[in-house]
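Worksheet for the structure shown next.
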Amino acid sequence: KTRLKKYNLSGNSAIYGLYIDDGHIMAQIGNGPNKVPSKTCTVGKAGAASKLIAPESFKGSVKGSSVTLTWDKVSGADGYTVYYYNSSKGTITEAGSVKTNKFTDSGLKKGKYQYKVRAYVLVNGSKVYGDLSSVVSKSIK
């Protein structure tokens, strides 16, 4: 087993995201979950999770007040997390997690919705993520 590095956080800082970059587990540290991280640091080696690629063929369809998103399965993934993405603010917020390569966001109000998705593996009960997909934009009329 590899011991992860310990980081002391101060003030309102917290770890708001983990992701894989070139075989390393990276932590995003900031002052809020929807803010651009103030610091990114390496916390350990990713092992099998580093092989998770960004989901491909990410697309969506609209029916009434729902958006259904689909993508190609990622080999080795235990599941997927879908995010709302706001390109103008640079924020990303979790919309939900699924075990399959399909996610339906329902009960939406009129407007434009942007999404990203990424695969994860479970390591000691925690999600370790692969790369984020491209953006899918859909509008509810």
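Numbers here simply count residues along the sequence, with the first being 1.
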Closest heavy-atom contact between [X] and [Y]?
{"X": "W71", "Y": "T100", "answer": "CZ2-O, 3.5 Å"}
{"X": "V62", "Y": "G64", "answer": "CG1-O, 3.9 Å"}
{"X": "R118", "Y": "D131", "answer": "CB-O, 3.2 Å"}
{"X": "K110", "Y": "K141", "answer": "CG-C, 4.2 Å"}

Taking only residues two or more places apart in sequence, or in another chain, which ones meet [X] in a side chain to side chain donor-acceptor pair (under 3.5 Å)?
{"X": "S106", "value": "none"}
{"X": "D105", "value": "Y84, Y115"}
{"X": "S139", "value": "none"}
{"X": "T68", "value": "T104"}

Side-chain donor or acceptor of [X] paired with backbone N/O of [Y] under 3.5 Å:
{"X": "Q114", "Y": "S87", "value": "yes"}
{"X": "K138", "Y": "G60", "value": "yes"}
{"X": "S133", "Y": "V117", "value": "yes"}

Does K116 qualify as a cation-pi partner of Y85, given the criterion of NZ or CZ under 6.0 Å from the six-membered ring centre and within 45 degrees of its axis?
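Geometry flag: set, cation within 6.0 Å and 45°.
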Residues in side chain to side chain contact (heavy atoms under 4.5 Å, CB included) contact with S65, at least two apart in sequence or another chain
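With sequence neighbours excluded, S65 shows a side chain to side chain contact (heavy atoms under 4.5 Å, CB included) to no residue whatsoever.
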Looking at [atom1] of [X] and [atom2] of [Y], how far apart are the two atoms once the value is rounded to the nearest 0.5 Å?
{"X": "K73", "Y": "N101", "atom1": "NZ", "atom2": "CG", "result": "5.5 Å"}
{"X": "K127", "Y": "T81", "atom1": "NZ", "atom2": "OG1", "result": "4.0 Å"}
{"X": "Y80", "Y": "L52", "atom1": "OH", "atom2": "CG", "result": "8.5 Å"}

With sequence neighbours excluded, tell me which residues meet ring-ring contact (aromatic ring centres under 6.0 Å, His included) with F103.
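Partners of F103 under the ring-ring contact (aromatic ring centres under 6.0 Å, His included) test: none.
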Exercise: do S57 and D72 side chains pair donor with acceptor under 3.5 Å
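Their side chains do contain a donor-acceptor pair, which is all the 3.5 Å distance test asks for.
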Could you go through Y113 and I140, starting from their C-alpha distance and side-chain angles, then the distance that decides it, and tell me whether this counts as side chain to side chain contact (heavy atoms under 4.5 Å, CB included)?
CA-CA 8 Å; Y113 294 84; I140 302 294; 3.8 Å; yes
